[in-house]
Amino acid sequence: MKKRQWTSMWITLLAVVLVLSACGGKSTGTDSNSASSETGSGTAASTTLTIATATDIESFDPHNNNNTSSEAVLVNVFDYLIKNDSEQKKVPGLATSWEQVNDTTWRIKLREGVTFHNGDPFTSADVKYTLERVAKDSTLKQNSYFKNIVEVKAVDEYTVDIITDGPDPLLLNRLSKMGAGILPAKYIEDNGFDQFLKQPVGTGPYQFSKWTKDDRVELVKNENYFDGEPKWNEVVFRVIPEASTRVSELLAGGVDIAASIPSTDIARIEGEGDKKIVKAPIQRVLQLIFRQTEGSVTADPKVREAIDLAIDKQGIVDSIAGGAGIVTRTSVTPGNFGADPSLYKTSLYDQEKAKQLLQEAGYAEGEAEMTISVSSQYKEPAEVVAAMLEQVGFKINLDVLEPSAFSERYSSKSFKEIFMIGIGNSLFDASNNYNRYMLEEAKGESDYNNPEVEKLLQSALVNMDPASREKEYQQVQQILAEDRPAVYLYQMEGVYGTDSRVNFKPRSDEMFYADEITPAQ
């Protein structure tokens, strides 16, 4: 790897950029002196938990959300049949036990005595409605994870058989992620789905109170929760896209926990006696995904390799993330099934070779023009990446979008040459990262097409032998490392600011289970 002769220059440049943006940015959050902010660590300190996030939920339909920010909120309202505990072990949720009858059938025993927030009893009818809806409606964002379910048979009121169209090594993983949040069949049948979206009902420890889009979600305690009395009377998720405003709200006492703290604000928070920083590795990998549609600049493999070699990943980790990141050439991080250790903690960086590859691709300096779209929460690393690419001869148009606008563009697959995104892994399986490169999934987004990768991915979807299935995913990663449908930058570390009145241990899946967050003694 070529020695970084200019990393310090970028660190200095970024320090200036961050200081200017912090000083000049306008607050997009709510004034911490507003009445609603009293639900933070102010007047209702002992009963209300307030969490500041960068991104709003997409909706209260757990089948039609596709980002971690949504799931992190909705897990408090909708229970899964099977849960992942804080150590990512599978534990009973609305299911008390499960067994595999054969390669295509799982029998699930359901918990008795559970009621929805409106008082309706939870039964096998709700499981059948929920899973068949997400499996059969191709317009739903979670459909691709569940479409292999062909039928849910209600054996009796508290037993179901889930039948798939072939062997499915991941069914239990699917049942413990967003898309498997159980919906109230009778309530929806009686009132319609539009009414459900206005007044959502689940079985979770907290129930819906109010949603002000792009501002906050307010939840209240479910007094009849089957697993004991919830710890908080109210849980509020405030949407504050601008990092500097999240930090200000934390320092002012408007929130108890603030997510995604920039490295430049860590010392400021730690300098306050009643605030602290907590960190934990998360599954999210920051990456660039390329469009390979015919005619796109990034359809040329030499261009994609030039992009990879032009980016000093460790320099970005050091300058932007304050060292809180691990460089990688794969998005399957340790702890996920199918990880390839040979691609982890490695990167390529060779600025001169990047220039050469760009020339070999037929582009003189400034001729290879590309747009990089990015959510505002990743604006700083995107700015550095853009500058690094221009250093080797690319012309970059940086398209910074508000999180909601980015989410809409992502769903419609309407990005231009490149988009930057941090992708987590709620399945804890390599399929979550790489099924997007199967032919059907890649259409319109990357248009990636590699018959060998397609064969391996299709096989892994039905392979019930863990050892050979793991090798299939490791082979896929080796191919993608050369094909570069994406360039993986680094595994991120969750950095949170907290008030001392709460005890908070971040989860690797980035979920905010409110009852895992406790008042400090």
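Predicted model, so just to flag it, every value in this text is computed and none were measured.
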#### Entry: Main-chain N/O of I320 paired to S263 side chain as donor or acceptor, under 3.5 Å
yes

### Query
So, E352 versus Q356: side-chain donor-acceptor pair below 3.5 Å or not?
no

### Query
Is there side-chain contact between F504 and P506, with at least one heavy-atom pair below 4.5 Å?
yes

#### Entry: Donor-acceptor side-chain pairing of N432 and Y145 below 3.5 angstrom
yes

### Side chain R246, main chain A258, donor-acceptor under 3.5 Å
no

### Message
The criterion is salt bridge (charged side-chain N to carboxylate O under 4.0 Å, His left out); which residues satisfy it with D300, sequence neighbours excluded?
### Response
none

### Message
A quick test of your reading: do over 12 heavy atoms of other residues, nucleotides or ligands sit less than 6.0 Å from NZ of K213?
### Response
yes

### Query
Do the side chains of S446 and F290 get nearer than 4.5 Å, heavy atoms only?
no

### Task
Check the surroundings of atom NZ in K355: do more than 12 heavy atoms from other residues, nucleotides or ligands lie under 6.0 Å from it?
yes

### Task
Could you go through the salt bridge (Lys or Arg N to Asp or Glu O under 4.0 Å) check for E249 and R238 one step at a time?
CA-CA 10 Å; E249 283 292 278; R238 290 185 55 190; 2.4 Å; yes

### Message
Tell me whether T50 contacts the main-chain N or O of V255 through its side chain, where contact means a donor paired with an acceptor under 3.5 Å.
### Response
no

### Message
Does the Lys NZ or Arg CZ of K313 fall within the cation-pi geometry relative to Y349 - under 6.0 Å from the ring centre and within 45° of the axis?
### Response
no

### Query
Just by distance, do the side chain of Q477 and the backbone of G338 share a donor-acceptor pair under 3.5 Å?
yes

#### Entry: Side-chain (R304) to main-chain (D483) donor-acceptor, under 3.5 angstrom
yes

### Query
Side-chain donor-acceptor pair under 3.5 Å between E452 and Q475, yes or no?
yes

#### Entry: Pi-cation contact, Y496 with K276 (under 6.0 Å, within 45°)
no

#### Entry: Check: D265 side chain, P262 main-chain N or O, donor-acceptor pair, under 3.5 Å
no

### Message
For E305, give me all partners under salt bridge (charged side-chain N to carboxylate O under 4.0 Å, His left out), at least two apart in sequence or on another chain.
### Response
K353

### Message
Is the shortest side-chain heavy-atom distance between K177 and D509 below 4.5 Å?
### Response
no

### Query
Is K302 salt-bridged to E360, going by a charged N under 4.0 Å from an acidic O?
yes

### Query
How far apart are the closest heavy atoms of N336 and D429, and which atoms are they?
OD1-N, 3.8 Å

### Task
Evaluate the side-chain proximity of T328 to K345: yes if any heavy-atom separation is below 4.5 Å, no if none is.
no

### Query
Do the side chain of R484 and the main chain of A306 share a donor and acceptor less than 3.5 angstrom apart?
no

### Message
Quiz question: by atom type and distance under 3.5 Å, do the side chains of E472 and S459 form a donor-acceptor pair?
### Response
yes

### Message
Could you tell me if Y434 and T330 have a donor-acceptor pair between their side chains, going purely by distance under 3.5 Å?
### Response
yes

### Message
Can you see whether Q478 engages D340 through a side-chain donor-acceptor pair at a distance of less than 3.5 angstrom?
### Response
yes

### Query
Is there a donor-acceptor pair closer than 3.5 Å between any side-chain N or O of E367 and the backbone N or O of A364?
yes

### Task
Check for a donor-acceptor pair, side chain of Q142 on one end and backbone N or O of N64 on the other, with a separation under 3.5 Å.
no

### Task
Starting from the C-alpha separation in whole Å, work towards a yes-or-no answer on side-chain hydrogen bond (donor to acceptor under 3.5 Å, both in side chains) for D318 and Q314.
CA-CA 6 Å; D318 293 340; Q314 190 62 51; 3.0 Å; yes

### Query
Among all residues two or more places apart in sequence or in another chain, which pass the salt bridge (charged side-chain N to carboxylate O under 4.0 Å, His left out) test with E58?
K141

### Query
Considering all heavy atoms of both residues, which atom of P169 and which atom of L461 are nearest to each other, and what is their separation?
CD-O, 3.0 Å

### Query
What's the verdict on side-chain contact (heavy atoms from CB on, under 4.5 Å) for Y80 and L175, showing C-alpha distance, side-chain angles and the deciding distance?
CA-CA 7 Å; Y80 301 145; L175 297 180; over 6 Å; no

### Task
Would you please say whether a donor-acceptor pair under 3.5 Å links the side chains of E242 and S244?
yes

### Message
Quick one about E71 and N67 (side-chain donor to acceptor, distance below 3.5 Å, no hydrogens or angles considered), yes or no?
### Response
no

### Query
Do we see a donor-acceptor contact under 3.5 Å between the side chains of T68 and R284?
yes

### Query
For F512, does its backbone N or O pair with a side-chain atom of N76 as donor and acceptor, under 3.5 Å?
yes

### Query
Quick one: do E510 and R507 make a salt bridge, cutoff under 4.0 Å?
no

### Closest approach of R174 to F146 (non-hydrogen atoms, all atoms of both residues)
O-CZ, 3.3 Å

### Message
Is the ring pair F406/F415 parallel, tilted or perpendicular, if the boundaries are 30 and 60 degrees?
### Response
tilted

### Message
As a quick check of understanding, evaluate side-chain hydrogen bond (donor to acceptor under 3.5 Å, both in side chains) for N84 and K89, giving each step before the final call.
### Response
CA-CA 5 Å; N84 292 312; K89 295 177 182 177; over 6 Å; no

### Task
List the atom of A430, the atom of N425, and the distance in Å for their closest heavy-atom pair.
N-ND2, 4.5 Å

### Message
Within the 3.5 Å criterion, strictly below it, is a donor on D447 or T293 matched to an acceptor on the partner's side chain?
### Response
yes

### Task
Mind running side-chain contact (heavy atoms from CB on, under 4.5 Å) on Q287 and S331 for me, showing each step along the way?
CA-CA 8 Å; Q287 57 198 267; S331 62; 4.0 Å; yes

### Query
Which atom pair, heavy atoms only, marks the closest approach of S70 to I57?
OG-CA, 3.3 Å

#### Entry: Shortest non-hydrogen contact between P381 and I316, atoms and distance
CB-CG2, 4.2 Å

### Salt-bridge present (E445, R436; N to O < 4.0 Å)
yes

### Query
Given the rule in the side-chain contact (heavy atoms from CB on, under 4.5 Å) test, do E383 and L398 qualify, once you have shown the distances and angles that lead to the verdict?
CA-CA 8 Å; E383 288 175 335; L398 198 57; 3.7 Å; yes

### Query
Can you list the steps and then say if T298 with I307 is a side-chain contact (heavy atoms from CB on, under 4.5 Å)?
CA-CA 9 Å; T298 44; I307 293 170; 4.1 Å; yes

### Query
Near K413 NZ, under 6.0 Å, is it more than 12 heavy atoms from other residues, nucleotides or ligands?
yes

